[in-house]
6 protein chains.
Amino acid sequence: MTIALCPGSFDPPTNGHVDVIQRSLAIFDEVVVGVIGNPSKSPMFSAEERVDLLRKVFTGVDRVGVETFDGLLVDFAVGRGIDVIVKGLRGVADFDSELQMAQMNHHLSGIETCFVATNPSHGYISSSLVKEVARLGGNTDRLVPAEVQQALNAKVPR
Amino acid sequence: MTIALCPGSFDPPTNGHVDVIQRSLAIFDEVVVGVIGNPSKSPMFSAEERVDLLRKVFTGVDRVGVETFDGLLVDFAVGRGIDVIVKGLRGVADFDSELQMAQMNHHLSGIETCFVATNPSHGYISSSLVKEVARLGGNTDRLVPAEVQQALNAKVPR
Amino acid sequence: MTIALCPGSFDPPTNGHVDVIQRSLAIFDEVVVGVIGNPSKSPMFSAEERVDLLRKVFTGVDRVGVETFDGLLVDFAVGRGIDVIVKGLRGVADFDSELQMAQMNHHLSGIETCFVATNPSHGYISSSLVKEVARLGGNTDRLVPAEVQQALNAKVPR
Amino acid sequence: MTIALCPGSFDPPTNGHVDVIQRSLAIFDEVVVGVIGNPSKSPMFSAEERVDLLRKVFTGVDRVGVETFDGLLVDFAVGRGIDVIVKGLRGVADFDSELQMAQMNHHLSGIETCFVATNPSHGYISSSLVKEVARLGGNTDRLVPAEVQQALNAKVPR
Amino acid sequence: MTIALCPGSFDPPTNGHVDVIQRSLAIFDEVVVGVIGNPSKSPMFSAEERVDLLRKVFTGVDRVGVETFDGLLVDFAVGRGIDVIVKGLRGVADFDSELQMAQMNHHLSGIETCFVATNPSHGYISSSLVKEVARLGGNTDRLVPAEVQQALNAKVPR
Amino acid sequence: MTIALCPGSFDPPTNGHVDVIQRSLAIFDEVVVGVIGNPSKSPMFSAEERVDLLRKVFTGVDRVGVETFDGLLVDFAVGRGIDVIVKGLRGVADFDSELQMAQMNHHLSGIETCFVATNPSHGYISSSLVKEVARLGGNTDRLVPAEVQQALNAKVPR
């Protein structure tokens, strides 16, 4: 049985994240969504809120678990029995820094990273752009799951 | 009649910006230079100063208007009757983030973005590099219009 | 009135090409689709067939004309009174060679090139990939317009 | 059980290919190495030779099978019960064309493609560069497995 | 005699930096390692500590000098009689910003920049990633020279 | 004394090539321009013609020598006592393949490759584009040295 780890800040989860997790489910037996507790940029949503949002989005999907972690990604992955890390790739800027992280994580732990191509229709969606659009009063309905849109509305009243 | 929007922080306007605006004038009937009032990084020049500098640079050029805006770019564009957004492309790093913004703006408003290749001789000029060079005592005479050089000299005495 | 030129081999026209032409129509007053008569790679469809296919696809669309040309692109553009060349950008590999062509064409004629971002859902569609898939018996129905699919079926019997 | 397909021309197999196949074995239950029978460029080694070389390299490794195929990659993959396609990524030029192929293959069959980062020490090794070096009399000992070096020596006498 | 300048923050020096300096020594007669005194991001190690670490690493190597500077890189280079600036290139993201800096430095001073390819095995090592790994308790032994590892251990107790 | 090798097909030499050779002269003591005798694509100009053109362009410049070679670049470089290979970089597409070649050449011989940024005004000039423009009747006067323009006129009568 192969367990894949989809790590990220998920601040907040977007349709792009959901796409990567669903693609991982199509390939691997079990998917652990690993929520970075304290990302370097101060998050809009607390770790608890981000875990909660992801659990709501994947309610009823058996093979997905959502957990939060602090410290080194590979320490969490080794402790959790992860077989492979999965990241979505949108474009070349992603690619360069993700390749660097993948090689570092392999150096530190021997764990491989798999990259999956995201749905091209979601390529322009990122959490930071979603937050910026929401803060400026734009409509993010089709960029995030319904549960996330509700939470965004509560944080950023239109 | 086609109205193009050249948006940016213009902190300060450089010869690269002037080149993109002139290329836009060669293609479109009217060009609105849209100055982002409160960019995410705290600017060296106030919105009024940046608008004023751009107006001086384009004094006597009939088909250019300079305006400042806050909030979502596409809200300003729709309100102002803009037909197309124009951005200059210098290199691959630009390309990736600009493509993401273009697709997001099209998603939000249906407005297209056109990219024009900047004069290769201006490819290395960016506002942030100009400010860094000026702060460290370097000569920026050939990187910015004369009006901007005067304003830089006042902000950053050599 | 601004006349844009969408040049290409169109061997055959794809949904990606149609998208770029439609985006050009959303920006410019008139669009000339310029079909390269003798592209460097020997084409599957003759120049007449390619012009004919594009005319069928844009039947009833007033502001589009389809023409074929040989020789230098900028000579055709100057002779035809073109104001701007429009190219679609799919990714970074496109970007580098297209930027080179744009700067060369500007050097030779002073005519600007505008790049438009293609619909991300069409980013993976290219004429050469469509032909390869068709030759190997794959289904290209959703990659090309219906008129082109009929022509492909005639050239490459399944 | 997850079956991964590592497709390629393998003309000839290099240490870079071996690295990608070994990384796939570290992630997936079974790996099918799919040798393209008639690649677009006329190969130096016949399909039988390339299959034979790969089988020698992976002698004694239980979970690897080597097969040749013609026609559409996704037709082979569907017929063979493949769960995921695995490709190695060396750099940005790879990335762009591989992403295009991955999205096309997903469009045609719904099968996902996973990208693994190759060992950075093998990043500069490609089959075509190996053949060019060998033809010009260079030493390719550390670029290909011993079995392949023997076969290269036979094809390109030093 | 050709004097090369290897500039950087070196916060802290990594095996990647050592590789670039050694490659520069293989090409040029003398190498000045230029330590940026006050980089834009607040450093973990003081300028004195960074100079000291580099001097320890290159103890006994005749043709290397380590110096700190403030202000414009090209002012330091001109004052110090530098013939050429040397930078290591890891990937495409590096390339774009380094090319911009090289062209700006050439514009300001006429001094050329040479790029050397770093050892691919060190491509994923950056000072900021080393610090992040160290802070999160990871092992950086094979990423930095022994002298730097000792200093890191003192700054970031495991 | 440092001897640099500027290798290439030079079919024909362009202003971009001249720029790279002049930048190499600004850095290194002596520059050997190494003309690939039999490039993979059949050249427009014979090896003798290409050597002759380069010698004419650099007439009176003491520290430049022009030679032709066949076989492996690094074999020529080692035999000729070359200290470093110099290549010009125009963009990202160049970068990827040049980095691969540099690492292969270092693997085969231990010789380093230095990349210099070309004058941005020459970034769009390549030999193949120059030949294409000339064949289609375009003016290449400002893209190549005067001696090369004469030779082009003789090969491709306007």
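Note that the coordinates shown come from a computational prediction; the quantities given were computed from them, not determined experimentally. Chain letters run A, B, ... following the sequence lines, proteins first and then strands; every chain starts at 1.
Taking every heavy atom of both residues into account, F:D75 and D:L136 meet most closely at OD2-O, 4.3 Å. A pairwise comparison of heavy atoms in F:Q100 and D:I125 identifies NE2-C, 4.4 Å as the closest pair.
Between atom OG of residue D:S121 and atom NE2 of residue F:H107 there is a gap of 11.0 Å, rounded to the nearest 0.5 Å. Expressed to the nearest 0.5 Å, how far CG of F:L108 lies from CG of D:L143 amounts to 6.5 Å.
Atom CD of D:Q150 has 12 or fewer heavy atoms from other residues, nucleotides or ligands within 6.0 Å.
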